[in-house]
Asks: 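Quick one: structure below, then a few questions.
Only heavy atoms go into these numbers, but all of them, side chains included; no hydrogens, no water, no symmetry mates. So that the names make sense, note that chain A is the first sequence line, chain B the second, and so on, each numbered from 1.
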Amino acid sequence: MRLTRYLVPTLKEDPKEAEIVSHNYLVRGGFIRKVAAGIYDFLPLGLRVVKKIENIVREEMDRAGALEILMPAVIPAELWQESGRWDLYGKELLRFKDRHDRDFCLGPTHEEVVTDIVRREVRSYKQLPINLYQIQTKFRDEPRPRFGLMRGREFIMKDAYSFDADWDGLDRSYQAMYEAYTRIFKRCGLEFRVVEADTGNIGGTDSHEFMVLAETGEDRIVSCPGCGYAANVERADFKTDYPLSDMEMMPLEKVHTPSQRTIEEVSKFLKTSPKKMIKTLIYSTDKGEVMVLVRGDYDVNEVKVRNIIGANWIELADEETIEKITGAPVGFAGPVGLKFDKILIDKSIVNIRNGITGANEEDYHYVNVNPGRDFPIIEEKVVNIRMPVEGDRCPKCGTPLEFYRGIEVGHIFKLGTKYSESMNATFLDKDGKEKLFIMGCYGIGVTRVASAAIEQNHDEKGIIWPISIAPFEVILLPTNWDKEEVRSVAEKIYGELLQKSVEVVIDDRGERAGFKFKDADLIGYPFKIVVGEKGLEKGIVEIKSRKGDIAVEVKIDNAVEKIIDLIDKERKKYLPE
RNA sequence: CGGGGCGUAGCGCAGCAUGGUAGCGCACCUGCCUUGGGAGCAGGGAGUCGGAGGUUCAAGUCCUCUCGCCCCGACCA
């Protein structure tokens, strides 16, 4: 490709909306442009990267025996009503009506559609297992899209769905996807970790997330250096000791705490530590209100709360609800003397001695609160329901856990019969009986992979693409296009590389050398071949890698052979054995 | 949805307090010059100042409403 005939609108200045490096470089490098919040154009370079990632995904999915299909983006409401998600899925589901006033949505995920295909077309156990996948534009009306391709509203996703005759089959299908994903992300040059995850709205039993380690990741994960246990913090289990204080229990006392509402305010006002405070939170859920007690210095894990009570959604209760339950405004809730039995007690509360909590009365707190004495500790309501923190230990081997931030690029679920049941999707088994398909589903954020790759592979000058997903493998950089000998050598090498099917760009613009170097570094071509007057006098051209590990001079006639050799070696680094 | 901020040329911004000829840098076009890390000089094109209404002799600037975008939080397979 000739740059004079290509569209690569690079920018010298940082786009003001870009907060993270991948977003910044994707815009500056001319890969993407924003059309609306969370919605982007892919310009030629950006699309090439996407296609590279798609092809890796496709090769590995095909290798794993999955079959590529393409489902519609526009989905009739009936299918979503059938599964029940039309009512459960919130505002992320973009709904609209057609000219006949029929309800439709833009598909954020395709369990319903694929289940509908399989229940119509697959009748016998002999056709199982089967795994159908697609690479398609998804739409999720995120409340707050951000970070460019990282959290868009419209994005490209690979979604796959497996159907098995039994649970052992599902385990095998799941394992095959686990392995395929591992290969895919290795080939994309990502450093990642597989963690146990919550199943969220999708539902189901087991689930793993593939997390790219990066400071800018929106997810937090824990991992154990001792035994390899790793999980999303939302899901993570952990061990902690809450030693019982030998302090004498003091008499319960109500104290005046005017306008002291937050943990921080109250602990400061009473000159004590948040560790002495019993934080009392009221949540509203689709299963009613629930009260959660946790030590003042910890955060509640809302995902666990939701799972324990079996709710579909959960949110902090509004002021009105809190006042109704506690009889006091927000900031003065507490378990003492409260007649409300839907309660969850974090383990961190149990051994508190002479603690502090709200008195369910405006401007008053109790001090010297002792759990068990001043309010009941009912064994089955005591749970581990807080977020882990630094110092908590591995649930399996007891080693202190390590904390990381991660970008979720892939997520695999064992769905079981959640959708086959609600949508009545059955097949005829060996024994002649009708049975529900056992399902799994498996997603990869294709466009997010591009972002994640940049977060992990860049420097102050620009992107350093892994060659497997680079838009081009090499750029020919003639330092002075007006000089006949420079141009003819560059053209000759260019022609030969095209012949050999090398993905090459030639910078045939009349720009100065420095300008071309800056552009090449920003865009991140893995290799560049510099053709300059100085080199030609010696009969050589230079080959440099973007990573900086290779910088060699080669005779003009050997340039093609040498670059092909280097590219081959580089490609091999990303292929799993 | 709550809090904060911003909409002026393709991009990044100034101008608004105190109303009176719409500006700067980059990018773009022409010419000269230059050519190994985002050169220089000269000339040039490009803007319904997000939109609607209002106040005024006069609105980018003041008032009201509205739309969009960004950040923090809530939220989020």
Asks: So what does A:P15 touch, heavy atoms closer than 4.0 Å: a base, only the sugar-phosphate, or nothing?
Replies: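 Nothing: the residue A:P15, judged by heavy atoms under 4.0 Å, touches no strand.
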Asks: Counting neighbours of CD on A:E264 that are heavy atoms of other residues, nucleotides or ligands and sit closer than 6.0 Å, is the number greater than 12?
Replies: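 Atom CD in A:E264 is not packed in, count stays at 12 or less.
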Asks: Would you say B:C11 has OP1 or OP2 under 4.0 Å from some side-chain N or O of A:K12?
Replies: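 Checking B:C11 against A:K12, no side-chain N or O comes under 4.0 Å of OP1 or OP2.
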Asks: Give the rounded distance in Å between these two atoms: CD of A:E234 and P of B:C76.
Replies: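 Checked: the CD to P distance equals 9 Å.
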Asks: Please report the distance, rounded to the nearest Å, between CG in A:L11 and P in B:G12.
Replies: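 Those two atoms, CG and P, are 8 Å apart.
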Asks: Check A:K516 with A:E511, please: is the shortest side-chain N to carboxylate O separation under 4.0 Å?
Replies: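 Not counted as a salt bridge, because no side-chain N and carboxylate O are separated by less than 4.0 Å.
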Asks: Tell me which nucleotide among B:C69, B:G38, B:G36 gets nearest to the side chain of A:K34.
Replies: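 So the side chain of A:K34 is nearest to B:C69.
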Asks: For a quick check, tell me whether the side chain of A:D519 and the base of B:G38 share a donor-acceptor pair closer than 3.5 Å.
Replies: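 A donor-acceptor contact between them is present.
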Asks: Using the test ring pair (Phe, Tyr, Trp, His ring centres under 6.0 Å), find all partners of A:F210 that sit at least two apart in sequence or belong to another chain.
Replies: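 Ring pair (Phe, Tyr, Trp, His ring centres under 6.0 Å) list for A:F210, sorted by chain: A:Y178, A:Y181, A:F185.
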Asks: Taking a pair as Watson-Crick or G-U wobble with both distances under 3.5 Å, which nucleotide is matched to B:C57?
Replies: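 Check on B:C57: paired to B:G20, both distances under 3.5 Å.
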Asks: Send over the distance from A:R306 CZ to B:A74 P, rounded to a whole Å.
Replies: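 Spelled out: CZ on A:R306 to P on B:A74 is 15 Å.
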Asks: Using a strict cut-off of less than 4.0 Å between a Lys/Arg side-chain nitrogen and an Asp/Glu carboxylate oxygen, indicate whether A:K538 and A:E553 qualify as a salt bridge.
Replies: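 Between A:E553 and A:K538 there is a salt bridge, with a charged N closer than 4.0 Å to a carboxylate O.
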Asks: A:D507 side chain to A:P478 main-chain N or O, any donor-acceptor pair under 3.5 Å?
Replies: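 No, A:D507 side chain to A:P478 backbone: no donor-acceptor pair under 3.5 Å.
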Asks: Under 4.0 Å, heavy atoms only, any strand: does A:E218 hit a base, just the sugar-phosphate, or nothing?
Replies: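 Since no nucleic acid heavy atom lies under 4.0 Å of A:E218, the category is nothing.
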Asks: With respect to the side chain of A:P143, which nucleotide from B:C71, B:G38, B:C75 is positioned closest?
Replies: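 Between B:C71, B:G38, B:C75, the one nearest the side chain of A:P143 would be B:C75.
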Asks: Are there more than 12 heavy atoms of other residues, nucleotides or ligands under 6.0 Å from atom CZ of A:R509?
Replies: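 It does: A:R509 CZ has more than 12 such atoms within range.
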Asks: Could you tell me whether A:R151 and A:E142 make a salt bridge, using a distance below 4.0 angstrom between a side-chain N and a carboxylate O?
Replies: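 A salt bridge is present here (some side-chain N lies under 4.0 Å from a carboxylate O).
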Asks: In terms of side-chain heavy atoms of A:E92, which of B:U35, B:G37, B:C76 is nearest?
Replies: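 The answer is B:C76.
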Asks: For B:U35, does either OP1 or OP2 sit under 4.0 Å from a side-chain N or O belonging to A:K483?
Replies: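 Indeed not, no polar side-chain atom of A:K483 lies that close.
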Asks: Could you please name the partner base of B:G73, counting Watson-Crick and G-U wobble pairs only when both distances are under 3.5 Å?
Replies: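 Paired with B:G73, as far as the under-3.5 Å criterion goes, is B:C1.
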Asks: What integer number of Å spans the P atoms of B:C69 and B:C24?
Replies: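 Comparing P positions in B:C69 and B:C24 gives a spacing of 31 Å.
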Asks: Once you apply a heavy-atom cut-off of 4.0 Å, does A:K138 come out as touching a base, just sugar-phosphate, or nothing?
Replies: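 Nothing: the residue A:K138, judged by heavy atoms under 4.0 Å, touches no strand.
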Asks: Any side-chain N or O of A:R512 under 4.0 Å from OP1/OP2 of B:A39?
Replies: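 For B:A39, OP1 or OP2 has a side-chain N or O of A:R512 closer than 4.0 Å.
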Asks: Nearest nucleotide by nearest heavy atom, which residue falls closer to the 5' end of RNA chain B, A:I314 or A:G532?
Replies: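 Between the two, 5'-proximity favours A:G532.
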Asks: Suppose we call a contact any N or O donor and acceptor under 3.5 Å apart; does that hold for the side chain of A:R151 and the base of B:C76?
Replies: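 When only heavy-atom distances are counted, A:R151 does reach the base of B:C76 through a donor-acceptor pair under 3.5 Å.
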Asks: Can you check the distance between B:G2 and B:G45, where both ends of the measurement are the P atom (answer in whole Å)?
Replies: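 That atom pair is separated by 48 Å.
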Asks: Can you check the A:N24 CG to B:G12 C1' distance for me, whole Å?
Replies: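 It works out to 13 Å between those atoms.
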Asks: Counting distance alone, no hydrogens or angles: does the base of B:G25 have a donor or acceptor under 3.5 Å from a partner atom on the side chain of A:E13?
Replies: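 Yes.
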Asks: Quick check for you: among B:C69, B:C75, B:G37, whose closest atom lies nearest to any side-chain atom of A:K518?
Replies: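 Among the listed nucleotides, the one closest to the side chain of A:K518 is B:G37.
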Asks: In whole Å, I'd like the distance from the CE atom of A:M150 to the C1' atom of B:C76.
Replies: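 These atoms are roughly 15 Å apart.
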Asks: Go ahead and name the base partner of B:A39; Watson-Crick or wobble counts if both distances stay under 3.5 Å, otherwise write none.
Replies: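 Partner of B:A39: none.
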Asks: Is there a Watson-Crick or G-U wobble partner for B:G68 with both distances under 3.5 Å, and which nucleotide is it?
Replies: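 In the structure as shown, B:G68 has B:C6 as its Watson-Crick or wobble partner.
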Asks: Spell out yes or no: do the side chain of A:E17 and the base of B:G12 have one donor N/O and one acceptor N/O closer than 3.5 Å?
Replies: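 Checked by distance alone, the answer is no.
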Asks: Please report the distance, rounded to the nearest Å, between CG in A:D521 and P in B:G36.
Replies: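 Value for this atom pair: 16 Å.
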Asks: May I ask you to say what A:E542 touches in the nucleic acid, namely base, sugar-phosphate or nothing, with a heavy-atom cut-off under 4.0 Å?
Replies: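 Answer is base: heavy atoms of A:E542 come under 4.0 Å of a base.
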Asks: Could you check how far CD of A:E209 sits from P of B:C76, rounded to whole Å?
Replies: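 After rounding, the reported distance stands at 14 Å.
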Asks: Taking the C1' atom in each of B:C26 and B:C70, what is the distance between them to the nearest angstrom?
Replies: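 My reading of the C1' atoms in B:C26 and B:C70 gives 22 Å.
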Asks: If I pick the C1' atom on B:A46 and the same atom on B:C16, what distance separates them, to the nearest angstrom?
Replies: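 Comparing C1' positions in B:C16 and B:A46 gives a spacing of 24 Å.
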Asks: Taking only the C1' atom of each, what is the distance from B:G36 to B:C32 in whole angstrom?
Replies: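 It works out to 23 Å between them.
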Asks: If I pick the C1' atom on B:G38 and the same atom on B:C1, what distance separates them, to the nearest angstrom?
Replies: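 These two C1' atoms come out 44 Å apart once rounded.
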Asks: If each of A:A37 and A:E533 is mapped to the nucleotide of RNA chain B with the nearest heavy atom, which maps nearer the 5' terminus, i.e. the 5' end?
Replies: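 Its nucleotide being nearer the 5' end, the pick is A:E533.
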Asks: If pairing requires Watson-Crick or G-U wobble contacts with both distances under 3.5 Å, which nucleotide is the partner of B:G25?
Replies: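 Base partner found: B:C11.
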Asks: Taking only residues two or more places apart in sequence, or in another chain, which ones meet A:Y6 in a ring pair (Phe, Tyr, Trp, His ring centres under 6.0 Å)?
Replies: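 A:Y6: ring pair (Phe, Tyr, Trp, His ring centres under 6.0 Å) contacts with A:F472.
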Asks: What integer number of Å spans the P atoms of B:A52 and B:G68?
Replies: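 It works out to 16 Å between them.
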Asks: When you measure from the side chain of A:F147, which nucleotide among B:C71, B:G36, B:G38 comes out closest?
Replies: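 That would be B:C71.
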Asks: Applying the 5.5 Å / 30° rule, does A:F515 stack onto the base of B:G38?
Replies: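 Aromatic stack with B:G38 absent for A:F515.
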Asks: Considering only atom C1', compute the distance from B:C62 to B:C49 and round it to an integer number of Å.
Replies: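 Per the computed distance, 16 Å lies between those C1' atoms.
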Asks: For A:E484 and B:U35, give me the distance from atom CD to atom P, rounded to whole Å.
Replies: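 A:E484 atom CD is separated from B:U35 atom P by 18 Å.
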Asks: Would you kindly check whether a donor in the side chain of A:R28 faces an acceptor in the base of B:G38, or vice versa, at under 3.5 angstrom?
Replies: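 Per atom types, the contact qualifies.
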Asks: Out of A:M1, A:K528, A:R546, which one pairs with A:I475 under the side-chain contact (heavy atoms from CB on, under 4.5 Å) rule?
Replies: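 Going through the options one by one, the only one that passes is A:K528.
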